[in-house]
Amino acid sequence: MIELSNMQIKIQTFGIAREICGDAQISMLVPESTTAGQLKQLLTEQYPRLGALASFLLAVNEEYAEPHIQLQANDEIAVIPPVSGG
Amino acid sequence: MIELSNMQIKIQTFGIAREICGDAQISMLVPESTTAGQLKQLLTEQYPRLGALASFLLAVNEEYAEPHIQLQANDEIAVIPPVSGG
Amino acid sequence: MACIHRVSGPASGGIDVFIGTVRDATKGKEVLRLEFETYEKMALREMQKIAAAAFERWPVQALVIHHRTGVLQIGEVAVVIAVSAAHRDAAFDACRFTINTLKQTVPIWKKELFADGEVWVAAHP
Amino acid sequence: MACIHRVSGPASGGIDVFIGTVRDATKGKEVLRLEFETYEKMALREMQKIAAAAFERWPVQALVIHHRTGVLQIGEVAVVIAVSAAHRDAAFDACRFTINTLKQTVPIWKKELFADGEVWVAAHP
């Protein structure tokens, strides 16, 4: 059996990541069981300027996400470029 | 030739030293060329409770005085018990 | 200054307050104004974590974090952190820890606007 | 809070403010109120020395020391130190140095009044 199972995820972007991605929220079709680390890679391929940042992290459900975290379709996902508050 | 040369000095007192000495300003007759260190000793003899303090310093002309400083009759002298501002 | 009132109480002996203001220059270049963007819900969670860590590490009585967002002019207050404790060392340590950690973890982004352009602070190496 | 205004300016990026308030208890014993006595002229000279030392050691822009005298009730502000600098580390370090040194050198004396008596703080070993 061959099964392809993708999911549509929504990704919020902030700061310079919003400017790079062109919108405050983008959608991506990714395989089910995609991890945060894999999504980071996919994002860098699709938006190479993200790779030029000093760093960027992903947040899942308002928490910084370890790379091994598996994403769910209804997760609240966000691209977090280097923070600079204060 | 024998010469006795004394001087009258005025000493301001503060905090617990004022309570020990009984007045905000006391006078003492001391030999000319008395040093700050010697005055401290004289004060401790006259007011033994000063010796029971955690420490006390003398100020001469609004500066903490090293023990070797020679006092002048018109110096502004003060007894500084342990400070506790802030 | 409301932040100071909110942390003061009869049992507190020392309050340390850090106030971050908008500087008129960065690396010698004149800044016209700042813009702060935030991921608000996550920023509040991260601030909450910092406060919890501070309370765990130091005998702190109250801790307030206040951060502006949007456009700020030169000299305006961007951030206020106020910490009260019975003794001053805890207040100083917890206040400094809070601003240092906030700058590392809280999702807030600062854009500096110059006469000839704008820069997202710290974005690039 | 006037102290904060007096140290803030367009070139300052960080202000650290220490506020010492009258605590309601000392070593577990209820304090009714405080009384501060000072040798005013010398106190100002010693404060001036502290400020000069702070300016010499850290890149500080402005430094204000304010200390109350006389009778103070619980919760009242006894001392305010406000330090501004382009960067926060200098503001924190200089502010902490100032309060620590003030407590060691400036001729100000605190008397704590209890229900059953009074004590000059730190007077005896």
Side-chain angles (χ1 to χ4, degrees), chain B residues 9-28 35-37 39-41 43-86, chain D residues 17-23 26-27 31 34-50 52 65-70 72 76-82 95-113 117-125:
Chain B
I9 54 172
K10 287 177 184 152
I11 304 164
Q12 297 180 62
T13 64
F14 294 94
I16 195 166
R18 179 174 46 72
E19 293 182 357
I20 290 171
C21 298
D23 205 334
Q25 187 175 292
I26 57 176
S27 292
M28 279 182 87
T35 63
L39 177 60
K40 212 177 144 179
Q41 185 109 28
L43 282 164
T44 312
E45 284 160 16
Q46 188 156 348
Y47 303 98
R49 286 172 59 209
L50 287 179
L53 297 178
S55 69
F56 80 93
L57 297 171
L58 291 182
V60 175
N61 300 325
E62 301 159 12
E63 301 278 354
Y64 287 108
E66 300 288 329
H68 67 272
I69 294 282
Q70 286 205 355
L71 304 174
Q72 311 291 327
N74 54 351
D75 277 342
E76 181 178 324
I77 301 169
V79 179
I80 311 288
V83 301
S84 49
Chain D
V17 184
F18 175 76
I19 301 166
T21 54
V22 179
R23 233 189 357 264
T26 194
K27 291 166 191 158
V31 174
L34 287 190
E35 214 176 303
F36 281 108
E37 181 173 328
T38 184
Y39 180 9
E40 187 177 337
K41 286 188 300 176
M42 183 174 168
L44 286 170
R45 286 173 80 122
E46 290 295 324
M47 286 177 177
Q48 186 56 54
K49 283 183 199 170
I50 297 172
I65 305 175
H66 167 97
H67 203 298
R68 292 276 307 278
T69 58
L72 270 77
E76 279 195 270
V77 170
V79 59
V80 178
I81 292 166
C95 186
R96 199 160 181 170
F97 164 82
T98 300
I99 180 65
N100 286 349
T101 311
L102 180 149
K103 284 176 170 271
Q104 290 163 8
T105 66
V106 178
I108 298 173
W109 298 274
K110 174 168 29 187
K111 187 157 73 172
E112 289 177 332
L113 292 101
E118 52 185 53
V119 167
W120 286 102
V121 174
H124 291 102

**OP:** Considering only heavy atoms and a distance below 4.5 Å, find which of D:K103, D:E35, D:Q104 pairs most often with chain B.
**Re:** D:K103
Original post:
Which atoms of D:H67 come close to chain B, meaning under 4.5 Å heavy atom to heavy atom: side chain ones, backbone ones, both, or neither?
Top reply: side chain
**OP:** Below 4.5 Å from any heavy atom of chain D, which atoms of B:E19 appear? Answer side chain, backbone, both or neither.
**Re:** side chain
Original post:
If you take all heavy atoms of B:E63 and D:M42, which pair is closest and at what distance?
Top reply: C-CE, 4.1 Å
**OP:** Heavy-atom distances under 4.5 Å only: say whether D:K111 touches chain B with side chain, backbone, both or neither.
**Re:** side chain
Subject >> Minimum heavy-atom distance D:E37-B:F14, with the two atoms named >> reply: OE2-CA, 3.4 Å
Subject >> Under 4.5 Å from a heavy atom of chain B, the part of D:E46 involved >> reply: side chain
**OP:** Below 4.5 Å from any heavy atom of chain B, which atoms of D:T38 appear? Answer side chain, backbone, both or neither.
**Re:** backbone
**OP:** Calculate, to the nearest 0.5 Å, the distance between atoms CZ and CH2 belonging to B:R18 and D:W120 respectively.
**Re:** 5.0 Å
Original post:
Any residues in residues 64-72 of chain B near chain D, with a heavy-atom distance under 4.5 Å, and which are they?
Top reply: B:Y64
Subject >> Side chain / backbone / both / neither for D:F36 at chain B, heavy atoms under 4.5 Å >> reply: side chain
**OP:** Report the residues that fulfil side chain to side chain contact (heavy atoms under 4.5 Å, CB included) with D:R96, sequence neighbours left out, ordered by chain and then residue number.
**Re:** C:D89, C:F92, C:D93, D:N100
Subject >> Contacts of type side chain to side chain contact (heavy atoms under 4.5 Å, CB included), residue D:T21, not counting sequence neighbours >> reply: C:S12, C:I15, D:I19, D:V77
Donor-acceptor pairs are to be reported for all side-chain atoms of residues 77-86 of chain B against protein atoms at under 3.5 Å, with residues two or more places apart or in another chain.
from	atom 1	to	atom 2	distance (Å)
B:S84	OG	D:K110	N	2.8
B:S84	OG	D:V121	O	3.4

Original post:
Does NZ in B:K10 sit with more than 12 non-hydrogen atoms of other residues, nucleotides or ligands closer than 6.0 Å?
Top reply: no
**OP:** Return yes when atom CD of D:E40 has more than 12 non-hydrogen atoms of other residues, nucleotides or ligands closer than 6.0 Å, and no otherwise.
**Re:** no
**OP:** Calculate, to the nearest 0.5 Å, the distance between atoms CD and CZ belonging to B:E62 and D:R45 respectively.
**Re:** 5.0 Å
Original post:
Quick one: CD on D:E118 to CD1 on B:I16, what's the gap to the nearest 0.5 Å?
Top reply: 9.5 Å
